[in-house]
Amino acid sequence: EPAQGIVLLAPATPMAPLVQHEVERKGLRHGRRLRVPLLALVSVVAVAVSLDLAAFSRSGKAASAAATTAWVGKNMQPELVVEQSGGLRGMALGVLFALLMMGCVPAWRAIRKARELQRPYQLQDLLHGGIADPEADLTKIITFIQDQVIVPIDERLPGRPFEYDLHSFPFVPMVLVIGNHSSGKSTFINSLLGVSTQETGVAPTDDGFTVLERWQADSTEDGPTVFGCPGNRPFRELQRFGQAFSGHFRRKRKVLPDDADMPFGLQIVDTPGMIDLPLTGSIDSDNPTGNQVRGRGYNFVDVVRWWAKRADLILLLFDPDKPGTTGETLEVLTKSLAGLDHKFLVVLNKVDQLDNSMDFARAYGTLGWALSKVIRRKDIPQIYTMYNAGFDAQASPEHKLPLEDFAKRREEVIAEVCRAKERHLDNVVTALEETLRQVWMTAMVLGAIRSKAAKRLILTWLVALALMAAPIGVLGWLLATGRLSLQGYTPVVTEVSHRLSWKAPTPTEAHSADLTNMGMLGVSLAYAGMMFAVTAGCREFLRQSRRLQKTTLDETFEEVYADYFIHNDGEDHRARWMNVKPKISSILSSIICASSLKPFPSWELVRIDACLTKDVWHLRQLARLLRLDANGEVRPPTRRAPDKDMNRASTMG
């Protein structure tokens, strides 16, 4: 890495990159100077070893020749075999060893070099610019990290748990709007667009996901068509949710008024209202596996999770009549939006329908209490209170609630929606960082579980083999010492040939031999039963151990991260563990034994750590450059379609 002229650390001052580069250049020069002494030392050691081997060969051959004097026949004399060329062979062996050692050093260095992260880009100082195309560099770096760091580990894990956490480029920034039915989602979207495009009503009116985008011409596309859109490559991943989802998925592109708040280059995703439906777990033609389905034909929680990970802003709308009371809403909060607190805004909508401050306090308190049950923090998220009616009109002075204050809060929500484009790349970098940390945690915990399982498996079968071999050893000892006869024959050693022979039994000995054979048969049957019992016991022990692996995941996590919890409570690690734990539990449920998992070498974890400490910081600076204009100010969202970009987008999708 230093050879590529890379500045590795975030500079504290403008001179820091120069100092860092100088230190690395000197270190590289000193490293080159150490090559010659190292090779010389290896050569000296190899020559010394060769001389020792030659001396050992000469002395060993002489001793062997003196010790191998043997009688090879009755009329033959002893023959002494002496190898005269032993010294030369030892010398040749030493030279070969020296050459082998000298060849191992470059090979070892080549292996280490291959394991290092070979970046096809440079991490440089961005304080003074110097990047021609920051967006292209950002896309290149993220794609490289995903392909070279995350994917190799993910492919070795059963089921590829991080396959759908990766980013595909290009894709348009988006805002996800979710909430209970009749919470005002579609009405808010229509007001934001400035046209009535979504059906509204008290009863559930939308049965699928709808993507809305400001465009130069009106068009409506169905799900399979949207999946193939080259301008939004991640949409093709939605095919895994099946035909039931794609049949109710569509995209609407609309020509909006010039004064509409919706900017170009932003997508709004309208979702079906969350309601409570009965669970069905019966096995039939529509549900052959007996899985629980909530009456939609697809896993609504997983679909919302997919959209939430890729959204730049999540609006969670609640109705004062049903402030967070549906079970599906709570499930979405606990599973779909877990770990995405930095993205979503909680909105208490339709507050103009409340009659007085007491009703408002009751609705606000109920929503806060419901959120406290699923968000395990002392401080609940900020709740935006607003209303949809009179979007462009003045508040009614006769109303008992301060509607003008609620209108200001509504403007804040609209500003957050328009700012979603600005925070898009920052969210992409944040998602990549979180995925790297989750992969690192998964590898660490699974590596510890695999190591324990392998040790337990080896120890169990060693004990089993010892129990099986012990009776055989005892039987062999009894036969060898003559304490037990084989079918009545007793071993006799002849004095002439010194060979072992067997003496025929007498009638009395034959009778006792029959009894002995019956005893041997019983012992054999008992031994077979013992082997079966030992094997069954080992299998049951391993099965119980595998079952305990899932119940002791928290203990394993605490053991792996014990060093991180010495000086702090590690709340960040524990919060991340809540998202990683279900993945590890699913992996352990899909395999027979954790020892069958492929290992996670330490150099792969070093790669992840390098990306977290260097590449992610560089990506943050690239996103900052794209967020600011030439004057160093934040670029405002545009409501006018750039001709060049829109023409290109029209040809793409």
Side-chain angles (χ1 to χ4, degrees), residues 7 9-12 14 17 121-146 166-176 192 213-214 231-234 261-269 308-315 339-345 382 411-436 611-646 648-649:
V7 176
L9 301 179
Y121 50 86
Q122 293 185 354
L123 303 178
Q124 55 186 345
D125 183 12
L126 301 181
L127 294 180
H128 306 288
I131 301 296
D133 192 351
E135 186 172 0
D137 285 3
L138 186 141
T139 302
K140 179 180 180 181
I141 295 174
I142 293 178
T143 304
F144 171 78
I145 293 175
Q146 292 181 160
L166 306 179
H167 292 282
S168 300
F169 298 96
F171 67 100
V172 181
M174 66 179 68
V175 175
L176 178 65
L192 186 64
E213 186 176 3
R214 187 170 190 173
N232 285 278
R233 293 189 63 186
D261 294 298
M262 178 74 174
F264 281 97
L266 182 65
Q267 301 176 123
I268 303 292
V269 182
K309 284 185 176 181
R310 288 153 182 81
D312 300 295
L313 179 66
I314 305 171
L315 296 182
L340 303 175
D341 302 2
H342 63 287
K343 287 186 178 182
F344 68 82
L345 301 180
Q382 182 180 5
E411 294 298 328
E412 295 177 5
V413 174
I414 296 174
E416 291 294 331
V417 171
C418 296
R419 203 171 64 88
K421 289 181 58 178
E422 170 193 333
R423 53 193 293 184
H424 172 64
L425 295 177
D426 292 291
N427 288 332
V428 172
V429 177
T430 300
L432 176 65
E433 180 182 4
E434 182 62 22
T435 301
L436 285 171
C611 291
L612 290 172
T613 55
K614 303 172 185 177
D615 298 71
V616 170
W617 178 86
H618 184 72
L619 290 172
R620 296 284 187 194
Q621 306 310 309
L622 289 175
R624 177 178 175 275
L625 287 179
L626 292 170
R627 192 170 62 249
L628 303 178
D629 57 12
N631 298 325
E633 299 179 355
V634 178
R635 298 173 180 173
T638 177
R639 299 180 183 180
R640 183 179 59 85
D643 297 336
K644 180 179 178 181
D645 295 342
M646 291 305 298
R648 183 183 60 180

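Heads up: numbering here begins at 1 and tracks the sequence.
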Handout entry: Test log, rule side-chain contact (heavy atoms from CB on, under 4.5 Å), inputs Ile142 and Phe169
Key = CA-CA 10 Å; Ile142 293 178; Phe169 298 96; 3.8 Å; yes
Exercise for the section: Can you sort out the partners of Asp341 under salt bridge (charged side-chain N to carboxylate O under 4.0 Å, His left out), two or more places apart, ordered by chain and number? Expected result: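 Only Arg377 meet the salt bridge (charged side-chain N to carboxylate O under 4.0 Å, His left out) criterion with Asp341.
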Handout entry: Contacts of Glu434 that satisfy salt bridge (charged side-chain N to carboxylate O under 4.0 Å, His left out) - sequence neighbours left out
Key =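 Here the qualifying residues are Arg576.
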Exercise for the section: For the pair Arg214 (side chain) and Met262 (backbone), establish whether a donor and an acceptor sit closer than 3.5 Å, ignoring hydrogens and angles. Expected result: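 Pair found, side chain donor or acceptor close to backbone of Met262.
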Exercise for the section: Say whether, by atom type as modelled, one donor and one acceptor occur between the side chain of Lys309 and the main chain of Leu340 under 3.5 angstrom. Expected result: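 Answer holds: no.
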Does [X] have any side chain to side chain donor-acceptor pair (under 3.5 Å) partners at least two apart in sequence or in another chain, and if so, which?
| X | value |
| --- | --- |
| His424 | Asp312 |
| Glu433 | Arg437, Arg620 |
| Asp426 | Arg627 |
| Lys343 | none |

Please name all residues satisfying side-chain contact (heavy atoms from CB on, under 4.5 Å) with [X], sequence neighbours left out, ordered by chain then number.
| X | value |
| --- | --- |
| Glu412 | Tyr384, Arg409 |
| Asp137 | Ile131, Leu622 |
| Leu425 | Leu138, Ala623, Leu626 |

Problem - Heavy-atom pair of closest approach, residues Pro234 and Ser168 - result: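 Nearest pair, atom of Pro234 first, then Ser168: CG-O, 3.5 Å.
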Practice task
Could you check whether the rings of His167 and Phe171 sit parallel, tilted or perpendicular, using 30° and 60° as the cut-offs?
Solution key: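 Ring orientation of His167 relative to Phe171: parallel.
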At what distance, to the nearest 0.5 angstrom, does [atom1] of [X] lie from [atom2] of [Y]?
| X | Y | atom1 | atom2 | value |
| --- | --- | --- | --- | --- |
| Leu432 | Asn427 | CG | CG | 12.5 Å |
| Arg310 | Gln267 | CZ | CD | 13.0 Å |
| Leu619 | Ile141 | CG | CD1 | 5.0 Å |

Practice task
Evaluate the side-chain contact (heavy atoms from CB on, under 4.5 Å) criterion for residues Leu313 and Leu176: first the C-alpha distance (whole Å), next the side-chain angles of each, then the deciding distance (0.1 Å), finally the verdict.
Solution key: CA-CA 6 Å; Leu313 179 66; Leu176 178 65; over 6 Å; no
Measure the shortest side-chain to side-chain distance between [X] and [Y] over non-hydrogen atoms and say whether it is less than 4.5 angstrom.
| X | Y | answer |
| --- | --- | --- |
| Tyr121 | Asp615 | yes |
| Leu345 | Ile314 | no |
| Thr430 | His342 | yes |
| Val417 | Ile268 | yes |

Handout entry: Under the ring-ring contact (aromatic ring centres under 6.0 Å, His included) test, residues paired with Phe344 that sit two or more places apart
Key =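 Partners of Phe344 under the ring-ring contact (aromatic ring centres under 6.0 Å, His included) test: none.
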Problem - Evaluation steps, side-chain contact (heavy atoms from CB on, under 4.5 Å), between Leu436 and Val616 - result: CA-CA 10 Å; Leu436 285 171; Val616 170; 4.3 Å; yes
Problem - Check against side-chain contact (heavy atoms from CB on, under 4.5 Å), Leu315 and Val413 - result: CA-CA 9 Å; Leu315 296 182; Val413 174; 4.1 Å; yes
Practice task
For Glu416, look at atom CD and say whether over 12 heavy atoms of other residues, nucleotides or ligands are found less than 6.0 Å away.
Solution key: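 Yes, enclosed.
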